[in-house]
Asks: 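Here's a structure for you.
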Amino acid sequence: MQSTDGLAVADDDLAYLSQSVLQREVSKAFRPIVRGFMLPVVAFYTIVIIPNFLLSPLWEATRMSSLSLLTALAALVCRSLLRSPDVSFARLEAVGAAMLLLIYANCCNVVYVLFQAPNLIYFLLLFIVTAAVAVSIRLIVAISLVVLATMLAVAYAMSPEVLLTYAFASVAAALAAGGLAIMTRGAVMKTVRARLLADRLRSRAEVLADHDALTGLPNRRCFFSCIEKAIARDDAPAVFHLALIDLDGFKPVNDLYGHAIGDELLVEVARRIRFACAGEDMVSRLGGDEFAIAVSRRLSLAELEMFGARICETLRQPFVLSGIRISVTGSIGIAHYPENGRDLRQIYERADHALYRAKRDRRGRTVIFSSEHEAELSGNGRIEQALRTADLDAEFSVMFQPQHDLMRARTTGFEALARWNSPILGFVGPQHFIAAAERCGLIEQLTAVLLRKALSAAAGWPEHVRLSVNLSALDLMSSRSIDDICRIVGESGFDPERLTFEITETSIMHDIEKAKTSLDILSGLGCRIALDDFGSGYSSFAYIHRLPLNRIKMDRNFVTRLSEEEKVSRDIIRAIAELCANLGVECLAEGVETESELMAVRLAGVRYIQGYYFGRPQTAADALAHLEAENGTGQPEMLRA
């Protein structure tokens, strides 16, 4: 596929550049060594001038000291040339060569002025110095050969005995210098290669973290992050449109032709959407068969309709994949910033509502969010109004869903789930009334009521069975709410070590430091902390190590999408399980409903399971009956969806 070919090309480019990159990194590693070497050179050749004039005749001292002074000044200039951290490999090699040749010239000068065998020792020392500071093997070999040839020639001129002595000495010096060069460069090269490999892997990980592996498009995390940053900037665009696209008829394609054809279809869909958009439009795959487009151009209503119609039409054209003719359509919902909302949540909510209307009423067409749709959403206001006048104790109840331990083959806990049966509205789903309670400032009272009911029901459970309770973002941000929770737990008599508070990624992102303070208080009380819906947020790995976590609950989408993206989902589940193991926290998989899903998470190393396979949400009495039904066998009656 195109995305795979693109990755291969990127690898080839990296291989082509590796030598120049390697030289640059070696230069960075050796620059401090070579630059630092200049200071002792300056000191030595400055100090040596004094004994030259004290111990030698004037003409000899002048001859030797002149070259010494020149060498010291040259060392200062070379040190200045190496001040920049981005010195090229060629410059570093040239500077090193110039300095070593000047030292070599000093050695020759000393021997010429004082033609004595002991002065040959300077040539032997130059072997070691060259091995230590020369940046390349060719420079080491070149300087060493020149030094060796000069030293042996001078020794031969002195006497056969001197030649024999320094021939053996040169062998020892060459071996020492060679060993030093090999060890030094081996260590430097190992460090450089390790850093380059780490940088390469980090870069690839960043690309993979922000892009969909199948289509190469920006993924949900990257897409929403870019939009949020654009909105937050002072130079944010005055207008943009968010379009959500969902394929109609994709699941039957997967069921009929298999996931390989389904993947090919998604790649081709991504290509067609990109082709139908302008270059500045940002196209993303949100997951499954969901795509999104951020249009930063100013478009009129008619132009928006034409834009949506063009994408729908291009998707309506038959696809030919592996010789198979396939037809699907795409439904589109579009919302407008800032008219339909001032932040990402509001814009996405309205685009999603428009998409829902498109799939319900105009499948394969485009729906643009309007005042009519806004009126539908205003139904939330009715929920808020009913909630303000509700008798929380009488109207709200708690259901319990089992959490199963595969290793011990028994239920080890229940998650408390809030339910509201309003005498005015009838049954209202948690996704509606929790958000409404947060908006109208009733979430603290609601949390207190539900926690008391859950603790009261759990009082009769066996000691090994835990209770999990969800906390909202506002609970974490409120010191008063945390104090009330601690007081309620203390008054209940329920062992805090059997109580787990579940939080979501998004709930702690409002103020992570405040959230951490609240969690530390609950953890200090003895309660356990679980991170719910892990993988659905934006920056899990950036903060996960900072929180007092005992359990991670992976987002249920990783399990439910096993049937759509089996390999990718399995790899993600396995990676999360390994992360939990490395962090020393428990890993729980939600949404397990089938035998195949259970087998997949088991093979991935997940120990704790929650989902319809082991039990639907049930009343307190049914939860107790569920525990009694296990009857010590560890085999509860399994409730299928």
Side-chain angles (χ1 to χ4, degrees), residues 201-202 204-205 208-209 212-214 219-221 259 287-288 401-415 464-468 497-498 500-505 523 528-537 539-615 630 633-636 638-641:
L201 293 176
R202 181 172 60 252
R204 292 184 65 182
L208 291 174
D212 176 55
L214 180 63
N219 59 18
R220 175 186 291 267
R221 173 181 177 275
H259 295 292
Q401 186 170 28
Q403 296 175 335
H404 194 77
D405 183 345
L406 293 179
M407 181 177 293
R408 296 182 178 177
R410 67 179 183 180
T411 299
T412 55
F414 288 88
E415 179 182 0
H464 73 274
V465 180
R466 301 179 182 275
L467 170 66
S468 294
E497 294 185 358
R498 295 173 57 197
T500 300
F501 287 105
E502 297 189 4
I503 59 171
T504 62
E505 293 184 77
S523 182
R528 292 157 52 88
I529 307 298
L531 182 61
D532 199 5
D533 297 336
F534 180 78
S536 63
S539 52
S540 306
F541 296 101
Y543 60 78
I544 187 173
H545 65 283
R546 300 172 57 188
L547 303 177
L549 299 179
N550 305 100
R551 168 178 286 182
I552 287 178
K553 298 178 69 175
M554 69 179 69
D555 187 63
R556 68 178 65 244
N557 285 329
F558 296 137
V559 174
T560 57
R561 289 178 179 170
L562 276 168
S563 59
E564 299 177 5
E565 302 172 322
E566 182 175 0
K567 184 180 185 307
V568 174
S569 295
R570 285 177 184 270
D571 290 344
I572 293 175
I573 292 171
R574 185 179 295 107
I576 295 176
E578 291 175 355
L579 171 68
C580 292
N582 292 334
L583 293 175
V585 300
E586 298 173 354
C587 181
L588 183 145
E590 290 188 278
V592 176
E593 299 182 1
T594 66
E595 184 74 32
S596 61
E597 291 173 348
L598 176 64
M599 183 61 65
V601 297
R602 185 198 296 270
L603 291 176
V606 179
R607 176 175 174 179
Y608 298 94
I609 307 295
Q610 183 175 339
Y612 287 175
Y613 187 85
F614 285 104
E630 290 187 359
T633 65
Q635 301 297 328
M638 297 177 184
L639 302 177
R640 303 301 203 274

Asks: Could you walk me through whether M407 and Y608 satisfy the side chain to side chain contact (heavy atoms under 4.5 Å, CB included) test, starting with their C-alpha distance in whole Å, then the side-chain angles of each, then the deciding distance to 0.1 Å, before giving a yes or no?
Replies: CA-CA 8 Å; M407 181 177 293; Y608 298 94; over 6 Å; no
Asks: Rounded to the nearest 0.5 Å, what's the gap from SG on C580 to CZ on R607? Could you check?
Replies: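 These two atoms lie 13.0 Å from each other.
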Asks: Over all heavy atoms of both residues, which pair between C587 and A577 is shortest? Give the atoms and the distance, please.
Replies: SG-CA, 4.0 Å
Asks: Are the side chains of L579 and F534 in contact, using a 4.5 Å heavy-atom criterion?
Replies: yes
Asks: Looking at every non-hydrogen atom in both residues, tell me the closest pair between L406 and V606 and how far apart they are.
Replies: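 So the minimum-distance heavy-atom pair works out to CD1-O, 3.6 Å.
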Asks: Who passes side-chain contact (heavy atoms from CB on, under 4.5 Å) against L603, sequence neighbours left out?
Replies: M599
Asks: Among H404, K553, M554, which residue satisfies the side chain to side chain contact (heavy atoms under 4.5 Å, CB included) criterion with L588?
Replies: K553
Asks: Could you report the tightest heavy-atom contact between A530 and T500, atom names first, then the distance?
Replies: CB-CG2, 3.7 Å
Asks: Taking atom types as modelled, find out whether E415 and Q401 have a side-chain donor-acceptor pair closer than 3.5 angstrom.
Replies: no
Asks: Can you measure from CG (L547) to CG (L531) and round to the nearest 0.5 angstrom?
Replies: 7.0 Å
Asks: Can you tell me how far apart CZ (F558) and CD1 (I576) are? Round to the nearest 0.5 Å.
Replies: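 Answer rounded to 0.5 Å: 4.5 Å.
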Asks: If you apply the rule side chain to side chain contact (heavy atoms under 4.5 Å, CB included), what do you find for L598 with I609, and how did you get there?
Replies: CA-CA 8 Å; L598 176 64; I609 307 295; 4.1 Å; yes
Asks: Has R410 got a side-chain atom pairing as donor or acceptor with D405's backbone, closer than 3.5 angstrom?
Replies: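 No; zero donor-acceptor contacts below 3.5 Å.
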Asks: Identify the two heavy atoms, one from V559 and one from A589, that lie closest to each other, and give their separation to 0.1 Å.
Replies: CG2-CB, 4.2 Å
Asks: Do D533 and D555 touch side chain to side chain, with heavy atoms closer than 4.5 Å?
Replies: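 Yes - at least one pair of side-chain heavy atoms lies under 4.5 Å apart.
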Asks: Output yes when a side-chain donor or acceptor of D212 lies under 3.5 Å from a complementary backbone atom of N219, and no otherwise.
Replies: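 Side chain of D212 to backbone of N219, a donor-acceptor pair under 3.5 Å: no, none is there.
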Asks: So R466 and R528, do their side chains get closer than 4.5 Å, heavy atoms only?
Replies: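 Yes; the side chains approach each other to less than 4.5 Å.
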Asks: Which atom pair, heavy atoms only, marks the closest approach of F614 to P402?
Replies: O-CG, 3.9 Å
Asks: Got a sec, which residues hit salt bridge (Lys or Arg N to Asp or Glu O under 4.0 Å) with R556, two or more places apart in sequence or on another chain?
Replies: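 E590.
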Asks: List for me each residue that meets salt bridge (Lys or Arg N to Asp or Glu O under 4.0 Å) alongside R551, sequence neighbours excluded, and say none if there are none.
Replies: E586
